[in-house]
Amino acid sequence: MMPRVVALLALPLLLPMLAGCGPDKREAGAISTERLLTSDSAPEDWLTGGRDWQQSYYSPLKQIDRNNVGRLGFAWEYDIETTDGFEATPIVVDGTMYSSGPKGAVYALDAKTGRALWTFMPDIDPGIMQKLCCGVVNRGVAVWKGKVYVASLDGYLYALNAASGAIVWKADTITERQRGYSITGAPQVAGDVVVIGNGGAELDARGYITAYDLDTGKQAWRFFTVPGDPAKGFEHPELAMAAKTWDPHSRWDVGLGGTAWDAMVWDPKLNILYVGTGNAAPWYRKLRSPAGGDNLFLSSILAIDPRSGRLLWHYQTTPAESWDYTATQKMILADLRIGGRLRQVLMQAPKNGFFYVLDRKSGELLSAKPYVPVNWASHVDMETGRPVETGQGDYSTGPRLIFPGSAGGHNWQPMSFSPATGLVYIPAYQFPMIFALPPGKFAYQKGGANTAVSVVFPTPGPFGLDGEAAKDLPPIAELAKGQPDYRPRGFLIAWDPVAAKEVWRVDTSGPWAGQFFASWNGGGVMTSAGGLLFQGRSTGELAILDSASGRSLGTIAVGTSMMAAPMTYSIDGVQYVAIMAGLGGAFGRTSLPGTAAYAYGNRGRIVAFRLGGGAVPKRPPLRHDAPVLVPPPVPRQGTAADQQAGARLFQRNCAICHAAAGGKVPDLSRMSAQTHRDFMAIVLEGTRAAKGMGNFSGVLSRSDAERIHQALIEQQWKIYEAATKTAAPHSVNKGSGKSD
Ligand code: CA
C-alpha cells in the first residue's frame, strides 16, 4: 500500500484524475444532487435507472463506437439463482454496480469483475403471490448518499447500507393489506425524500405514492391518485378536486386503481417530482363511475412538489380510462427547441398509443401524435388537450377490436433519448385486443381480480381465438373490418419529438410476427455517444444498431433471453456494456420455442461486455423431447354449464398467470394424477405457496374451485383428443378407450 501511495504522489498531474475515479476515495453509493447535475462530465458512472436525472438511458461514453462495436464481447457474468426474469437496469457508481431482482433482491458487485460484494434478499409474505398481475419482477434500486433503496414485492421499502447491505430502516408502505397491492417499481429520490408507489389495479388497489425521510424512513407525505369515499373525508385537498370528476356513487369499495407502479422522475433544478399513474379498477368506466366523468387522476402525469407533497399540475392522458391504458410508462426529461423556443419538456409514450411532449414546468401540452395504430381515439385536440374518442373503443354495446390492446403500444420497457440524434427510441408494439363485457353481473372480490372486462388476443390459442372467452365473439374478420392489421408485431421506433413524427422503424417481432409474443421480443433501449443503440431480445441476442439510421451493426449471441434495458459505464479507461438477462413479467413467463429461455433455460445473470472480449459462455442446451401423449388421468366431470362457469372463473382468477402454456407457470392442461388429487388443497389451502401458487380461499368458494377443476379436466380431454387425431401413431400412448 505504502509504495503505491508514494508512486501516486510522484505523479501530481495525475492526481485530480485519480481522485475523480478512485472507488476508495468516496464512501460507497455516494450519489448526490451535485453529482446528478454534473453527470454528463463524469460519464464513467450510471447514477440512476436511466443514468442521469433526466432518465435518458443515454451515455456520453464513446470508446465503443460504430467502427469497433464488432469487437464487443464477453467481459464477465454474475450468475443469479432465479428464473423469474429481470426488468431492472443496474446503477454503477465509483466502480460498484447495484441492481435488483425478483421480490426486491439486491446485488452489489465489483463492476470490473462481477464479483459480489454483498447481496440482499427480503423475507416475503408468500400470500403476495396471488395478488400479482404481471410476474415476480423488480424494476430497480435508487442509490443515494451511502444508501441503497429497494422495495420488496410485498410492499416494504428498505434502506440498505451501500457498503454492507445491512438494513438501515424498513417501512411498511401498504395501507390495506387485504387489498391487491404489490410493488415491482423502483423507488425515486426527490430532494430530502425517497418516494415509492405500488401496483394492483387489476385487483382492487387504490393508488397512492408515499414519501419517506431518506435517513430515518419516517413518512413525510402520502398522495392518493384517486379519491376514496367522499363520505369519509379527503386525505389531502387535491382529492376534493378529483372527486368532482367521479360519480358520487362510484365503486369506492373496489379501490378504483390509478396505481403508480413504474414511472417516476425528479427534476432537481425545478425541484419537481413527476409521477405516472395507472389504469382504473374496474376497467369498465360505467361500472365504477356510472354517471361518467374523467375520473382523475387515472392514467395521468402528476407534477408534485416533493417538499410538501402538493400537486403543481396534472395532465390526464386518457380521461375515463377503460382499456388498462396506464400512464406509468417511463418519462424522459429534455430541453428541446420547439417552435423557436427552448422548452423544458417531459416525454412519454404511454399505453394509449400517443406520444406526448409536455412543458414540464407548466404542464402545457406541446404535441401528442400516435406512435402505433390507434382506433379508440381519432386524435388529441390541442386546444383542450383531450383525446377525441371514436366510439370504436366502446365495448359496452358489444365486443370491439381495440388498438392498442391492454398491453398498450409501449409498456415498462425503457425508451431512450439521444441528445446526439435528437431522437427518442421506443420499444413499441402493434397488439390490439378484443374487449367485451363478460356475461352476468359484476361481483366484487376483495383482494381478487376485478377488471370486469374480458380481453381476448386476436391470435390462436386458449387465451386468444380458440379459448372459452372467444366462444361468444363474432368472427375476427367481422371484428377487424375497416380496422388496421390486427396481427401482432413488435417495433423499435425512432421518434422525432420536435417534429412529432416517426423517423424510422425496425421490426423486432423475431420469429413471432403475427403471434402475441411478437410484442415481447424487443426489450428496453440504451443509446450512447458512440452512435450506438443497444436492445436485448427474447431470442437471446443483444442487438446493436446505428442510432442515426437504424441500420443493424450486428448482434451478440448472449444465450439468455433479455427484456431489461442495457447500460454502460467505464472503469480504468475501459468502457463496459452490461445487462440483466432473464425473461419474465407480464407475457414473459412463457419460454416459447425461439426464445433463449427455451433453448438454454431462464436462469438469470448479469452479463458485461467490453471491446476485445470473446464469445459469451452459454449454459448447456435443454433437451426438448416430443411429449408422449397420455390420456388424462381422470374422467370428465360436471355438466357443460359447470365447465363453462369454471372456464369463466379460470379466466378471471387464474388466467393472469396460467395464460400461456410451456413456461415456468405450470401448464394446467397436462396435470398429473397427483395434481388432480391435490387440486382442491392447492387452490384453497395454499399447499404450493412456496412454489408461488397463492391460497385462493379468500376469493373462490369450494364449488368455484370444483368448477374450475371440471373445466380444466374438460380442456385436458379436448387437447388429448385433438392431439391423438393429428399425432404420429408411435408418439401416442393409447390408454383408456381412445383408439383413433
Ligand atoms: Ca394494468
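Indexing begins at 1, ligand by ligand and atom by atom, following the structure's order. Residue numbers count from 1 along this sequence.
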Chemist: Mind reading off the angle at the Ca ion (ligand 1) between the OE1 atom of Glu202 and the OD1 atom of Asn279, rounded to 10°?
Modeler: 120°

Chemist: Out of the candidates Trp283, Trp376, Phe435, only one should pair with Tyr325 under the ring-ring contact (aromatic ring centres under 6.0 Å, His included) rule; please name it.
Modeler: Trp376

Chemist: Inspect the contact between Asp394 and Arg400 and indicate whether a charged nitrogen and a carboxylate oxygen are less than 4.0 angstrom apart.
Modeler: no

Chemist: Of all N, O or S atoms in Asp324, identify the one at the shortest distance from the Ca ion (ligand 1).
Modeler: OD1

Chemist: Does Thr326 bring an N, O or S atom to within less than 3.0 Å of the Ca ion (ligand 1)?
Modeler: no

Chemist: If you compare all heavy atoms of Ala368 against all heavy atoms of Leu365, which two are closest, and at what distance to 0.1 Å?
Modeler: CB-CD1, 4.2 Å

Chemist: My understanding is that only one of Tyr371, Trp495, Tyr315 makes a ring-ring contact (aromatic ring centres under 6.0 Å, His included) with Tyr356; could you say which?
Modeler: Tyr315

